[in-house]
Amino acid sequence: MVTMLLTKPEPKEHYDAMIGLAQSVVDQELTSDNVKSSIAEMGAEKLSELGIDGVDAETLEKLGADVDLTEVTDLGKDMAMNTAGFYLQSHMKVDDYYVATVGMLNYRGTNLPVTLGIMGQVFVLVDKEQVKHLLKR
C-alpha cells in the first residue's frame, strides 16, 4: 500500500499519455493520401453545387496525384495537436485516490475516465477508434 502511495503517477503523466494518443490518431488520420482524398471530395461537391457535373472526386484525386501536400499536412498536424493540447488542458483533470490517480475528461458535460495511474504507470483507457468516434460526434 505504501509503495502504491509513493509511486502513483503525477497529473502531467496522464496528460502526456493522452497527448501521445492524440498524436498517434493525428498521424494516422492526416496522411498526404487522406488529405488529398478529402480535398478531392470537397472539390467535387463544390463543382457539383456550382452546376459543373461530370467531375468526381476520383478524377480530381488523379489530377492532383503529383501535388506535394507535405507542408499542408504538417501544418494540419500542428494545428490539430495545438487544439488537442488546449482541449486536454481545459477539459481534463486528474483525481487522486491516494493509491491511484484517474484522468477524467469532461466531454460535453460528461466526465469520462480516460487514464488510470498506478504503480508508476499510466494506462490509457480509450483507444484510437474511441478517440476518432468522440471527435466525429
query: Any idea which heavy atoms bring Asp53 and Ser48 closest together, and the distance?
result: OD1-OG, 4.1 Å
message: Let's go through Val126 and Leu21 carefully: what are the C-alpha distance in whole Å and the side-chain angles of both, what is the deciding distance for side chain to side chain contact (heavy atoms under 4.5 Å, CB included) to 0.1 Å, and is it a yes or a no?
response: CA-CA 9 Å; Val126 293; Leu21 177 62; 3.6 Å; yes
- request: Enumerate the residue pairs fulfilling side-chain hydrogen bond (donor to acceptor under 3.5 Å, both in side chains) with a member in residues 109-127, sequence neighbours excluded, ordered by first and then second residue.
  value: His14-Thr115, Asn106-Asn111
field: From CA spacing to verdict: side chain to side chain contact (heavy atoms under 4.5 Å, CB included), Val114, Leu125
entry: CA-CA 5 Å; Val114 292; Leu125 305 175; 5.6 Å; no
- prompt: Within the distance-only criterion (no hydrogens, no angle test), does the side chain of Lys8 pair as donor or acceptor with the backbone N or O of Tyr97 below 3.5 angstrom?
  reply: no
- prompt: Counting distance only, does the side-chain N/O of Ser38 pair as donor-acceptor with the main-chain N or O of Asn34 below 3.5 Å?
  reply: yes
statement: Nearest heavy-atom approach of Ile118 to Pro9 is N-CD, 3.5 Å
- prompt: Just by modelled atom types, is the Gly20 backbone N or O under 3.5 Å from a matching donor or acceptor in the Ser24 side chain?
  reply: no
Closest approach of Leu30 to Ala80 (non-hydrogen atoms, all atoms of both residues): CD1-CB, 4.4 Å
message: I need the minimum non-hydrogen distance between Met81 and Val26, along with the two atoms involved.
response: SD-CG2, 3.8 Å
- request: Kindly indicate, with the supporting measurements, whether the criterion side chain to side chain contact (heavy atoms under 4.5 Å, CB included) is fulfilled by Val122 and Leu116.
  value: CA-CA 6 Å; Val122 174; Leu116 171 66; over 6 Å; no
Asp56 side chain to Thr59 side chain, donor-acceptor N/O pair below 3.5 angstrom: yes
query: Between Ala44 and Ala57, what is the shortest heavy-atom contact and its length?
result: CB-N, 3.5 Å
message: Under 4.5 Å between side-chain heavy atoms, counting indirect links through other Ile/Leu/Val/Met/Phe/Trp/Tyr residues: same cluster for Ile39 and Val55 or not?
response: no
query: How far apart are the C-alpha atoms of Met104 and Met92, what are their side-chain angles, what is the distance that settles it, and do they pass the side chain to side chain contact (heavy atoms under 4.5 Å, CB included) test?
result: CA-CA 6 Å; Met104 302 293 284; Met92 185 174 170; over 6 Å; no
Glu58 CD: over 12 foreign heavy atoms closer than 6.0 Å: no
field: Side-chain H-bond candidate by donor/acceptor type, Asp33 with Thr31, under 3.5 Å
entry: no
